[in-house]
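Just below is one structure, and these are the notes that go with it.
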Amino acid sequence: MEQQQNFEPLVESFYQVPTLELAKNLLGCILVKQTVEGTTSGIIVETEAYLGNSDRAAHGYGNRRTKRTEILYAKPGHAYVHLIHNHRLINVVSSMEGDPESVLIRAVEPFSGIDEMLMRRPVKKFQNLTSGPGKLTQAMGIHMEDYGRYMLEPPLFISEGKSPVSVKSGSRIGIDNTGEAKDYPYRFWVDGNPFVSK
DNA sequence: GTCGAGATTGACT
DNA sequence: GTCAATCTCGACT
């Protein structure tokens, strides 16, 4: 019995807050991706903030505006899909138009369309399905074609969810050789959730 | 046209 | 804990 409900996309003003605040607010919200095969969704349980101009670890650092980072300068609420090795990561563009800031979605907890996720990404441990930025994009079928998608309407959007009980923050992971930027406490997660990557 | 780098994952010791 | 895999973009010749 598959949960079938109508998701309500968040409104534009939700994204028009400081990036660090948006990163916290996104926890507990639901990421929804609709495909011809069906709808998959997951509760966001882990995020990271990337502050463009002042953050060396961010792709928008130093106002390097290229075709690849172009979407970071657009209005908040757009999807920035980035490729790394053979994996994809998904960010939500935040802050104001013209500021290359974004929030990386690092992990979600499967909510609906779980059968389809398992088909795309067969795993022995259910916990491994979406507990990482490259994992959730594979499970939910997010590709480069989703680059630049405006996440306020289907087929890719974020819906309001329940507020997490307890939120923690700390330093980001996976970004070495970026100097002091790696120690910034820009990572947020839902305390105790098994789908948080580490 | 060619070369190098990157916000990761999974398998193995 | 270490290490290799594999793809797109961006810079340079």
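Note that the structure is predicted; figures quoted are calculated from it, not measured.
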- [ ] Nearest whole angstrom, please: distance from the C1' of C:dT6 to the CD of A:Q138.
- [x] 13 Å

Task: Who pairs with C:dT6 - Watson-Crick or G-U, where each distance is under 3.5 Å - done: none

Open item on the list: From CG of A:L129 over to P of B:dT9, roughly how many Å is that when rounded to an integer?
Closed with: 13 Å

TODO: Would you kindly give the CG-to-P distance between A:L89 and C:dC7, to the nearest whole Å?
DONE: 16 Å

Task: Residues A:R88, A:D146; criterion salt bridge (charged side-chain N to carboxylate O under 4.0 Å, His left out); working and verdict - done: CA-CA 11 Å; A:R88 293 170 279 282; A:D146 293 308; over 6 Å; no

TODO: Please name the pair of heavy atoms, one in A:T130 and one in A:M117, separated by the smallest distance, quoted to 0.1 Å.
DONE: CG2-SD, 4.1 Å

Task: A:N91 side chain, from C-beta outward: closest of C:dT6, C:dG10, B:dA7 - done: B:dA7

Open item on the list: OP1 or OP2 of B:dG10 versus the side-chain N and O atoms of A:K135: is any pair under 4.0 Å?
Closed with: yes

TODO: Give a yes/no answer on whether the side chain of A:R121 brings an N or O atom under 4.0 Å of OP1 or OP2 in B:dG10.
DONE: yes

Open item on the list: From CZ of A:R187 over to P of B:dT8, roughly how many Å is that when rounded to an integer?
Closed with: 11 Å

Open item on the list: Once you apply a heavy-atom cut-off of 4.0 Å, does A:Y147 come out as touching a base, just sugar-phosphate, or nothing?
Closed with: nothing

- [ ] Would you mind telling me which residue lines up with the more 5' stretch of DNA chain C, A:K67 or A:I84, judged by nearest nucleotide?
- [x] A:I84

Open item on the list: As a test of reading the structure: which of C:dC9, C:dT8, C:dA5 is closest to the side chain of A:H85, going by heavy atoms?
Closed with: C:dA5

Task: A:E37 and A:R120: CA distance, side-chain angles, deciding distance, salt bridge (charged side-chain N to carboxylate O under 4.0 Å, His left out) verdict - done: CA-CA 11 Å; A:E37 289 111 9; A:R120 288 205 188 96; 3.6 Å; yes

Open item on the list: In whole Å, I'd like the distance from the CZ atom of A:R68 to the P atom of B:dA5.
Closed with: 13 Å

Task: Centroid distance under 5.5 Å and plane angle under 30°, A:H82 vs B:dG6 - done: no

Open item on the list: Over all strands shown, is A:H87 touching base, sugar-phosphate only, or nothing at heavy-atom distances under 4.0 angstrom?
Closed with: base

TODO: Report the distance from atom CG of A:L83 to atom C1' of B:dA7, rounded to the nearest whole Å.
DONE: 12 Å

Task: salt bridge (charged side-chain N to carboxylate O under 4.0 Å, His left out) between A:R106 and A:E48, intermediate numbers included - done: CA-CA 7 Å; A:R106 284 198 63 88; A:E48 270 181 25; 3.3 Å; yes

Task: Separation of atom NE2 in A:H143 from atom P in C:dC7, rounded to whole Å - done: 13 Å

Task: Distance, rounded to the nearest Å, where A:K125 contributes NZ and B:dG10 contributes C1' - done: 13 Å

Task: Minimal non-hydrogen separation, A:G132 against A:S197, with atom names - done: CA-CB, 4.4 Å

